J.: 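One structure coming up, written as structure tokens, with questions to follow.
Note that the coordinates shown come from a computational prediction; the quantities given were computed from them, not determined experimentally. Numbers here are sequence positions counted from 1.
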Amino acid sequence: MIWLGRIAVVLVGLFSLGMGIMTFADPAQVGEALGIGALSPLGANALRADIGAFFLASGLAAILALFAGRSQWMWGAAALYGLAVIGRLLGILVEGAPEGVVQPIVIELVLVALSVIGAKTLPRG
């Protein structure tokens, strides 16, 4: 069972670190993929800082869970992605469902599930 937890955390970590590094490197491209425009240098800066930090925090949680024996950090990753799902659902209720919103919701729900699996199955430090 511990291998399932490790695989789950590695998947969360790879996705999160990859998205975080891409956001730091090219915030306009990631913003465009997410449907967020970098309308000015300040907007690009905000994308890099806010979106990049979101993903890198989840990646850091995965690193700490895997290599420092801190499985409880995966609850933080689960909370981040879970709150993202709640925000998307609120947006659907308030503004209607934009085209393409299902894919990020599914990805985030999978990341929540993988984070919970990691938190519950990895050894606690």
Side-chain angles (χ1 to χ4, degrees):
M1 193 68 157
I2 193 168
W3 286 103
L4 178 64
R6 287 184 178 148
I7 291 168
V9 172
V10 165
L11 291 173
V12 172
L14 288 175
F15 176 82
S16 299
L17 291 172
M19 288 296 293
I21 290 167
M22 287 189 324
T23 305
F24 269 31
D26 192 353
Q29 181 182 1
V30 173
E32 186 177 320
L34 296 174
I36 306 168
L39 304 178
S40 68
L42 180 60
N45 187 278
L47 281 169
R48 181 176 285 119
D50 299 337
I51 304 300
F54 174 93
F55 287 119
L56 290 174
S58 296
L60 175 64
I63 289 169
L64 289 169
L66 278 175
F67 299 111
R70 308 271 187 209
S71 63
Q72 65 270 22
W73 277 75
M74 291 311 295
W75 291 113
L80 284 169
Y81 287 113
L83 289 168
V85 171
I86 291 169
R88 290 188 194 280
L89 295 176
L90 178 61
I92 290 170
L93 287 174
V94 172
E95 298 154 351
E99 185 177 331
V101 75
V102 172
Q103 180 181 357
I105 291 173
V106 169
I107 291 169
E108 289 156 357
L109 286 172
V110 167
L111 290 165
V112 168
L114 291 172
S115 297
V116 170
I117 289 168
K120 288 184 170 259
T121 60
L122 289 182
R124 292 175 183 16

J.: Going by heavy atoms in the side chains, are V9 and L114 under 4.5 Å from each other?
T.: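 V9 vs L114: side chains apart.
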J.: If you count heavy atoms of other groups shown closer than 6.0 angstrom to CD of E32, is the number above 12?
T.: no
J.: Same hydrophobic cluster for V12 and V10, using side-chain heavy-atom links shorter than 4.5 Å among ILVMFWY?
T.: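 Yes: a chain of side-chain contacts under 4.5 Å links V12 to V10.
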J.: Side-chain contact test, heavy atoms from C-beta onward, threshold under 4.5 Å: evaluate it for P27 versus I51 and give yes or no.
T.: no
J.: Kindly work out whether a path of hydrophobic side-chain contacts (I/L/V/M/F/W/Y, heavy atoms less than 4.5 Å apart) joins L56 to F15.
T.: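 L56 and F15: one cluster.
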J.: Ignoring hydrogens and angles, tell me if any N or O in the side chain of R124 forms a donor-acceptor pair with the backbone of A119 under 3.5 Å.
T.: yes
J.: About how many Å separate OG of S115 and NZ of K120, when rounded to the nearest 0.5 Å?
T.: 13.0 Å
J.: When rounded to the nearest 0.5 angstrom, what distance separates CD in Q103 from CD in E108?
T.: 10.5 Å
J.: Are the side chain of R70 and the backbone of A65 linked by a donor-acceptor contact shorter than 3.5 Å?
T.: no
J.: Find the distance between OG (S71) and CG (L64) and round it off to the nearest 0.5 Å.
T.: 11.0 Å
J.: In Å, rounded to the nearest 0.5 Å, how long is the span from CD1 of I21 to CG of D26?
T.: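 Output value for this atom pair is 13.5 Å.
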J.: Using side-chain heavy atoms (C-beta onward) and a distance below 4.5 Å, is V85 in contact with L89?
T.: yes
J.: Linking I/L/V/M/F/W/Y whenever their side-chain heavy atoms sit closer than 4.5 Å, directly or via other members, would V94 and L83 fall into one cluster?
T.: no
J.: Do L11 and V110 make a side-chain contact, defined as non-hydrogen atoms from C-beta onward lying under 4.5 Å apart?
T.: no
J.: Please examine the side chains of R6 and L122, heavy atoms only from C-beta on, and report whether any two atoms are closer than 4.5 Å.
T.: yes
J.: Answer whether the closest heavy-atom distance between the side chains of I117 and L4 falls below 4.5 Å.
T.: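 Result yes, sub-4.5 Å side-chain heavy-atom pair found.
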J.: In Å, rounded to the nearest 0.5 Å, how long is the span from CG of L39 to CG of L47?
T.: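 Going from CG on L39 over to CG on L47, the span is 9.0 Å.
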J.: Report whether L42 and I36 are members of the same hydrophobic cluster (ILVMFWY, side-chain heavy atoms less than 4.5 Å apart, transitive linking).
T.: no
J.: Nearest 0.5 Å, please: how far is CE in M19 from CG in L34?
T.: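 With rounding to 0.5 Å, CG (L34) is 5.0 Å from CE (M19).
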J.: Specify whether F54 and Y81 have parallel, tilted or perpendicular ring planes, treating 30° as the upper limit for parallel and 60° as the lower limit for perpendicular.
T.: perpendicular
J.: Could you state whether I107 and L80 fall into the same hydrophobic cluster, counting links through intermediate Ile, Leu, Val, Met, Phe, Trp or Tyr residues with side-chain heavy atoms under 4.5 angstrom apart?
T.: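 Same cluster: I107 reaches L80 through Ile, Leu, Val, Met, Phe, Trp or Tyr contacts under 4.5 Å.
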